[in-house]
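We name chains A, B, ... by the order of the sequence lines, and we start the count at 1 in each one.
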Protein chains: 2
Amino acid sequence: MAAIPSGVLGALDSTSDRAVFRQIADQLREAIDKGRFKEGAKLPSESELVEHYGVSRMTVRNALSVLQGEGLVHSEHGKGVFVRPRPPVRRLASDRFARRHRDQGKAAFTVEAEAAGSHPEVDSLEVKEERPTQDVSARLGGPRRVLARRRRYLLDGRPVEFATSYLPLDIARGTPIAEPNPGPGGIYARLEELGHRLDHFEEEIRARMPTPSEVKFLRLAAGVPVIHLVRTAFDKEGRPVEVCDTVMAADAYVLAYQLPAT
Amino acid sequence: MAAIPSGVLGALDSTSDRAVFRQIADQLREAIDKGRFKEGAKLPSESELVEHYGVSRMTVRNALSVLQGEGLVHSEHGKGVFVRPRPPVRRLASDRFARRHRDQGKAAFTVEAEAAGSHPEVDSLEVKEERPTQDVSARLGGPRRVLARRRRYLLDGRPVEFATSYLPLDIARGTPIAEPNPGPGGIYARLEELGHRLDHFEEEIRARMPTPSEVKFLRLAAGVPVIHLVRTAFDKEGRPVEVCDTVMAADAYVLAYQLPAT
DNA sequence: CTCACCCACTCGTCTATACGAGTATGTGTG
DNA sequence: CACACATACTCGTATAGACGAGTGGGTGAG
């Protein structure tokens with residue numbers, strides 16, 4: 001078992017009333033912050049830390065679980081504990097649904113990803129009619145059934161976003177919107193062709209920890225929150241014509257908005 | 001020791017390859033989701049769960065720590081483990097800095113909080129000149145020193161937000177902006193009086209787990225992420241005149257934006 | 001040389017135990 | 001009645017040990 005290089009991690013302060021596992025977590029966190037362990041680097045193994053600090057293994061694991069909860073490290077069974085690298089971030093601009101970005105052959109996600117040098121994929125496409133949740137129904141003005149379009153977005157093989165669009169049946173049924181591939185410009189282009197000229201969007205943003213199914217579906221590491229975005233599209237008559245519910249891996253996104261000062 | 005009411009929690013499946021502590025966490029999560037434990041209610045104590053499932057205490061604690069990490073429960077030393085109540089949410093509208101909301105005697109935070117029936121407070125006010133971080137300096141066009149205004153916002157005694165405004169010294173020094181209380185309408189009103197007519201704002205939003213100092217300062221429960229918002233204000237000449245860096249308790253906020261479809 | 005296997009090392013799960021510290025309650029004393 | 005204290009509960013911290021399972025490298029057989 002390799003010893004830990006001296007100077008990287010200090011000693012425990014037995015006079016402190018701070019719990020031992022917190023002191024160990026503090027020292028590891030500081031070492032990571034100061035770059036003594038770089039992104040992707042392997043931390044000392046549990047048994048090395050046990051040796052170094054002279055504590056039991058559970059105490060060391062407790063310290064490591066603190067850092068996992070902070071999203072600083074992740075562990076790989078059989079390999080070790082590593083400093084979590086920050087994945088490339090996708091920047092969502094607030095004008096991404098403007099008409100000038102729409103009349104192209106490809107979906108916005110694909111265009112943006114390729115511009116950023118990434119390989120985009122869309123999978124888990126599901127299009128079906130269903131009964132909306134109370135929240136979605138209220139946002140759409142109270143329909144009892146809606147068309148739901150579900151899809152998952154991946155960048156370079158990593159799932160980053162899961163989105164569901166809901167549309168009232170009287171708008172979407174029997175149109176290209178109800179097809180798996182709605183065609184160039186996406187469903188907003190189709191809505192406008194169908195006479196629902198779009199006026200504005202409302203977006204609501206929350207952040208929270210993921211549910212277990214979100215962890216699975218987005219393959220989220222411990223300590224990574226999700227951004228929950230609900231966008232409602234309104235036409236010129238003020239009618240809500242679509243609600244899009246999106247859950248994003250928070251470490252993969254920055255949302256950017258431009259607002260008038262008026 | 002009180003027994004757990006039958007039907008609330010099931011039994012373990014020893015044939016399953018799902019870890020015992022995960023099965024216990026699953027059952028507790030399901031019971032919470034289905035309302036068998038209501039918001040604020042006390043879960044069975046660790047020793048009751050030990051009794052019920054016939055496992056060791058560490059296994060039960062492991063299960064509970066999973067739920068804590070998900071933000072579903074929080075524990076209170078000496079009392080028990082409770083279903084985490086969802087605090088009242090503060091809704092931030094994208095037009096909250098529009099001029100029509102400005103020319104009033106009170107700060108926007110105070111007005112909004114009182115309208116929502118809450119008791120607002122602002123503390124930890126610090127106003128000083130300092131060297132900006134590389135990021136802030138870049139956003140402001142590269143000044144070597146800036147005025148920093150730090151403050152913490154509380155609702156009904158609970159800290160919800162920590163914000164720092166940075167302004168170039170040539171704009172702010174010697175003006176009311178450098179005073180602890182900049183006067184009615186806040187620093188945006190003062191900037192316009194000083195001839196820096198505001199044109200637009202840019203906001204960048206991220207979500208992540210809090211640092212230990214953020215946990216302390218915002219008194220965050222385990223499993224609560226933060227929303228990190230950086231707003232840059234631009235004047236009519238296109239010059240960035242302020243950067244505001246805000247860290248919010250994610251369970252206390254919804255951000256709402258309205259965007260044109262143009 | 002190649003490939004299968006073994007072994008050493010990693011983290012994951014679980015048990016059993018011990019003591020400390022915060023909280024609430026009831027009881028007995030003044 | 002009021003208050004201090006004992007007590008029984010809560011969760012927090014820590015130890016020591018055991019076995020399992022995933023990974024990777026070295027070694028020996030073919």
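For DNA chain D, the residues of residues 52-64 of chain B within the heavy-atom distance limit of 4.0 Å (strictly under) are B:Arg57, B:Met58, B:Arg61, sorted by number. For the segment residues 66-78 of chain B, the set of residues with a heavy atom within less than 4.0 Å of an atom of DNA chain D comprises B:Ser75, B:Glu76, B:His77, B:Gly78, in numerical order.
Listed here is the closest heavy atom pair of A:Ala207 and B:Ala250: O-CB, 3.4 Å. Shown here for B:Val226 and B:Glu214, the closest heavy-atom pair between the two residues is CG2-OE1, 4.1 Å.
Side-chain contact, B:Gln68 with B:Ser75: a donor N or O sits under 3.5 Å from an acceptor N or O. Using a 3.5 Å distance cut-off with no hydrogens or angles, the side chains of B:Arg151 and B:Thr164 do not pair a donor with an acceptor. Between A:Gln23 and A:Tyr53, the side chains place no donor N or O within less than 3.5 Å of an acceptor N or O (distance only, hydrogens not considered). Under the 3.5 Å distance criterion, with hydrogens and angles disregarded, a donor-acceptor pair is assigned to the side chains of B:Thr15 and B:Asp13.
If you take CD of A:Glu51 and C1' of C:dC9, they are 15 Å apart, rounded to a whole angstrom. Atom CG of A:Leu12 is separated from atom C1' of D:dA14 by 13 Å (rounded to the nearest Å). Computed from coordinates, the A:Asp17 CG to D:dG12 P distance equals 17 Å when rounded to whole Å.
Annotation: cation-pi geometry satisfied between A:Arg152 and A:Phe217 (NZ/CZ under 6.0 angstrom from ring centroid, within 45° of ring axis).
Neither OP1 nor OP2 of C:dC9 sits under 4.0 Å from any side-chain N or O of A:Ser45.
Of the candidates D:dT13, C:dC14, C:dC11, the closest approach to any side-chain atom of A:Glu46 belongs to C:dC11.
With sequence neighbours left out, the side-chain contact (heavy atoms from CB on, under 4.5 Å) criterion links B:Arg91 to A:Glu204, B:Ala256.
Mapping B:Lys79 and A:Lys79 onto DNA chain D by nearest heavy atom places B:Lys79 at the nucleotide closer to the 5' end.
A:Arg22 comes within contact range of the sugar-phosphate backbone alone, with a heavy-atom separation under 4.0 Å but no base atom that close.
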